[in-house]
Structures are given as structure tokens and as C-alpha cells.
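Comments concern the structure below.
So that the names make sense, note that chain A is the first sequence line, chain B the second, and so on, each numbered from 1.
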Amino acid sequence: MKRSVAPLFWLPFGAGGMLSALTGPALVLITGLAVPTGIGVSPSFMSFARATAFAQHPVGKLILFGVIALFIWHGAERIYLTLRDMHAGGRLALMWICYGIAGALTFVTVAALVIIGF
Amino acid sequence: MSGPRPYVRPAETLWWAHPPYLAYTLREATGVAVAGYALVLLAGLVSLASGERAYDAWLDFLKSPWSLALHALFLIGMIVHVWTWFRIMPKTMPRLVIGGRLVPQNWITAVGLAMATAAFIIILLVAEWMQP
């Protein structure tokens, strides 16, 4: 019997789902609403110098990689399954598009973290 | 082509846009908010790697009304995701038995939502502590 590749994608889907359920609302509130409007947050909270120091620290790198990559893989799995159920295209084509984009963006995340340095 | 053909139940093309499937579609659509938010962060990370000017342009984008509206939508999507995620969790995990008794599904949901609330508060406290 041919083995299904689906379980391979359930792990990042589940990990990303749990991580976003626990951290998503607070992160969106801080980086997307509080920092840009300056409500309750210092204007220099995410300044270039501070953001660089955060992204150069090993813990900061791990947080950025975990949040960005797992959120993307979680979303990619949901979008793939929903488009498949909507019959928006061939199963294999949708799989390649959704997982392909997620894979490419994961690579971009790693590359950016390496370029930012240690 | 001859021979037996499998029966294909006719389905409406837009079945997902009507109840009861609409609830499923909206739940799955939270994945767009989760991935969309990650894309904004990734854009910030790439601009951070490109230098100060690119990064400041990204910060200016975050201040635009478009971005604020987008993040308000992301926040709604995230909250729906938290709610639905912990409602589904007891149905997708193995049955939980403690002390010979089956733990009711809504207890597991309640614990999950309590954890999410605690995590929300902890992250805000950490952010407050990280203030310059």
C-alpha cells in the first residue's frame, strides 16, 4: 500500500495551530496595533536597533523562526484542505502550490535570519 | 466508456458558502489570518535584513490605515481561531481518562481557553517588561 504523505503536514499544522492559539492574539495586538499607534508602548519598542538585537539573539531567532514558519505551515494546511474541499483545483496541484509556497517562505525566513547575523 | 461507473453524488458548487458548512468555511478561513500575519512579520524580517531604511519603511507601513484595518481583521481571525481550536481539540485528541473517569469534552475546552487567556496576559507582561 502506498503510504500517505498527509501525516507529515499534520505536525507543523498542529504545532502552528497550538502556538497561534496561545500567542497569536497578543502578538497581533502588540506588533500590529499597539506599536504602530503608540498606545501603551514606547515609540522605540520595535526600533531598528532593538529589532536587530532581538533577531541576532539565539532566543529571538528561535521565536521569530517558530512563529513565522509554523504560522505559515498552519495556514497553508488549512488553505490547502479548504480549497481541495471547494474543488478549486486538482488535488496534487493545490498541494504543490500551498506546500510549495510554505516551503519557499520557510527558506526565506531562514535566509533572513542568517543574513541578520549573530 | 463501458463498465460500471461509480455514483457521484451531485454537490452544489458553492456548498461551502451556506449553513451549516459556512461555520466550517469561516473556521478554516482563520488559517488565512494566521498565515497572513506571519507574512507581515516575514516582510518585517526581510526588511530588517535589508537595512535600516527598508525596516523603517516597513514600520511606516504598519502605521498606515490599511495595515491597522488588516491587523484588526487578523485579531478577529485569531480570536475565532483560539475559540474554535480549543472546541475541536477534545474531538481530535485521544480520550482523556483521569482516575478511571472520562474527562468531559467541555472541560478540555475550558482548560484550553484558560491556557490561552493566561498566555495572552503573560505575553503582554513580558512586552511591558521589555519596554525600553
Contacting moiety of [X], where chain A heavy atoms sit under 4.5 Å:
X      : value
B:F86  : side chain
B:T25  : side chain
B:I88  : side chain
B:T30  : side chain
B:W83  : neither
B:Y21  : neither
B:M130 : both
B:L62  : both
B:Y55  : side chain

Hydrophobic clustering (ILVMFWY, side-chain heavy atoms < 4.5 Å, transitive) - are [Y] and [X] grouped together?
X      : Y      : answer
A:L94  : A:V5   : yes
A:F118 : A:I115 : no
A:I97  : A:L92  : no
A:F65  : A:I68  : yes
A:L29  : B:L73  : no

Closer than 3.5 angstrom, by distance alone: can the side chain of B:E52 be matched with the main-chain N or O of A:A49 as a donor-acceptor pair?
no
Per-residue contacts, residues 107-119 of chain B versus chain A, heavy atoms under 4.5 Å:
B:M115, B:A116, B:A119
Sort out for me which of [options] touches chain B most, counting heavy-atom pairs under 4.5 Å.
options                     : answer
A:V67, A:L105, A:T37        : A:L105
A:P36, A:G16, A:G75         : A:P36
A:F48, A:W73, A:F71         : A:F48
A:E77, A:H87, A:M18, A:R78  : A:R78
A:A102, A:A26, A:A76, A:G14 : A:A26

Smallest separation among heavy atoms of [X] and [Y], with atom names:
X     : Y     : answer
B:F74 : A:V28 : CB-CG1, 4.0 Å
A:M86 : B:W15 : N-CZ2, 4.1 Å
B:Y37 : A:T31 : OH-OG1, 2.7 Å
A:A21 : B:W85 : CB-CD1, 3.7 Å
B:L68 : A:G32 : CD2-O, 3.6 Å
B:L48 : A:A55 : CD2-CB, 3.7 Å

With rounding to the nearest 0.5 Å, note down the distance linking [atom1] in [X] to [atom2] in [Y].
X      : Y     : atom1 : atom2 : result
A:I72  : B:L42 : CD1   : CG    : 5.5 Å
A:I116 : B:S50 : CD1   : OG    : 8.5 Å
B:E28  : A:L83 : CD    : CG    : 10.5 Å
A:L113 : B:L45 : CG    : CG    : 4.5 Å

By a 4.5 Å heavy-atom criterion (distance strictly below it), what part of [X] contacts chain B: side chain, backbone, both, or neither?
X      : result
A:V114 : neither
A:F54  : side chain
A:L64  : side chain
A:L27  : both
A:I79  : side chain
A:I30  : side chain

Relative to chain A, which of B:G51, B:A49, B:P132 shows the most heavy atom pairs under 4.5 Å?
B:P132
Atom CZ of A:R84 with >12 non-hydrogen neighbours under 6.0 angstrom:
yes
Check this for me: A:R91, atom CZ, are more than 12 non-hydrogen atoms of other residues, nucleotides or ligands nearer than 6.0 Å?
no
